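Take a look at the structure set out below.
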Number of protein chains: 2
Amino acid sequence: MNDKSASKSAGHDLDGNATRERILLEAARLFRQHGYAATTLREVADAAGVKAGSIYYHFESKEQILGEVLDKGIKIVYETVRARIDALPKDAPWRDRIAAGIEGHLWGMLHHGDFTSANMRIYGQIPESAKAKHRVVRREYADYWDQLLQSALAAGELRADASTTIIRLFVIGALNWTVEWYNPERGSFQDFARQITAIIFDGILVHEKSLGTQ
Amino acid sequence: MNDKSASKSAGHDLDGNATRERILLEAARLFRQHGYAATTLREVADAAGVKAGSIYYHFESKEQILGEVLDKGIKIVYETVRARIDALPKDAPWRDRIAAGIEGHLWGMLHHGDFTSANMRIYGQIPESAKAKHRVVRREYADYWDQLLQSALAAGELRADASTTIIRLFVIGALNWTVEWYNPERGSFQDFARQITAIIFDGILVHEKSLGTQ
DNA sequence: GTCTATAAACTGATAGAC
DNA sequence: GTCTATCAGTTTATAGAC
């Protein structure tokens, strides 16, 4: 809570932790843009305003940077989704919880696009060692949605002629991909989230009488 | 129609065109697995059973291989979709045409996963020069779906409270992503396509009376 | 905490033998 | 049509000055 600009006495450093964060942010942006292997540490260093050698003061290796970028991509989304759903009344219907989850997933994703898009684009392209570490947090988030959907199914609010696993994979996959084509110039985020939720809930066809969102 | 194993008289070649196809196939597989920049031509050559230098007899550059892999990814899907829709009766309702399009898109994609997944994964990560060339065939396929959806909208079969552009981007994006998680061991392809189509048409919630698919 | 300099390995692409 | 050999440039990571 006190003065954060209290600089060290030695050399020409200002704030080591800020540099670390800048490296992570620029790494996410470049991983998203060019892929993991294609991104050189020199590029990351240039973008973060330091020299390549300096990166190794903050990180042990390129793969450690990758690990932090990947985890951050999921965690941002996961935390936003939980916050949205926890804010609902205890007796809220499952459809409202799912709607809150969709809105939270979209919000977290589209407001931290470099981390989430990097995660989505490069996860399939990284060494198995990096995948293995990251799988834990991925599995957690998937389980969270599975429980949500199974509860909705048990309450009779979810369609029963498709497996909840396929529903989860389809919905999360569709949401994830929006970060690749979402264009804020086409309208407000709220309106965008409303349209996506309507399509996921009621489909793309016209129905005589919809009991989904209205 | 005659003997295809008629080999040339010189050196130790068997069939030049088959080698070319093998290089393309292995390149697609490796681009999908590790990304474009991360894949070395030595790896491609090894996988295709030739030496690195030999690639340059069949292709001018790494970027030319990329171009052919990308185009093939879209064209396979586009041609399957058109074949499915053209096979319908002239007076088929738009919902049937869209269903045929979805089934064709899934089929083309899941049966040529290396080309379509490579396309999807690396398109956002390649040099602008490669993107520009590839954009033409992408735009064509997008236009095809836009016309399909706008016709369905004009006929009153498509929901009108979301733009056809958003519907197209959402549906195609969701379909594309299935190649990342589709597991043939979970059931037949026909059953998979049926579930996906049902979700896209009628949504994930339960409706009192659905007029979509039955 | 950041720098410069450098090691050791790998990259796309070319030249020319067979 | 495929090979070997090689060029010029780039890569991650380390060592040590400041």
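Residue numbering restarts at 1 for every chain, and letters A, B, ... go by the order of the sequence lines. None of these values were measured; they are calculated from a predicted model.
Residue contacts for A:S54: at a heavy-atom cut-off of 4.0 Å it reaches a base atom on one of the strands shown.
In this structure, A:Y56 places its OH atom 19 Å from P of C:dA5, rounding to the nearest Å. The distance from atom CD1 of A:I65 to atom P of D:dA13 is 9 Å, rounded to the nearest whole Å. If you measure from atom CD1 of B:I55 to atom C1' of C:dA13, you get 11 Å, rounded to the nearest angstrom. Remark: C1' of D:dT11 and NE2 of A:H34 are 16 Å apart, rounded to the nearest angstrom. In this structure, the CG atom of B:D46 is 14 Å from the C1' atom of D:dT2, given to the nearest Å. In this entry the distance linking CG of B:L41 with C1' of C:dT14 reads 13 Å, nearest Å. When rounded to the nearest whole Å, the span between CD1 of B:I23 and P of D:dG1 equals 12 Å. B:R42 has its CZ atom 15 Å from the P atom of C:dA9, to the nearest Å.
No cation-pi contact links B:R121 to B:Y123, judged by a cut-off of 6.0 Å to the six-membered ring centre and 45° from its axis. Within the cation-pi definition used here (under 6.0 Å to the ring centroid, within 45° of the axis), A:K62 does not qualify as a partner of A:Y56.
Note on ring orientation: taking the six-membered ring where Trp is involved, the planes of B:Y141 and B:W145 are perpendicular (angle over 60°, cut-offs 30° and 60°).
In terms of position on DNA chain D, the residue among B:V50 and A:G53 whose nearest nucleotide sits closer to the 5' end is B:V50.
Closest to the side chain of A:T40, from the set C:dA13, D:dT11, D:dA13, is D:dT11. In the set D:dA13, C:dA13, C:dC3, C:dA13 carries the atom at the smallest distance from any side-chain atom of B:S61. The side chain of B:K51 approaches D:dC3 more closely than any other nucleotide in the set C:dT11, C:dA13, D:dC3.
Looking only at side-chain heavy atoms (C-beta outward), B:R159 and A:L205 stay at 4.5 Å or farther from each other.
Applying side chain to side chain donor-acceptor pair (under 3.5 Å) to B:R138 and the options B:N119, B:D71, B:D143 leaves one that passes, B:N119.
Contact annotation: B:T19 side-chain N/O to D:dG1 OP1/OP2 distance is not under 4.0 Å.
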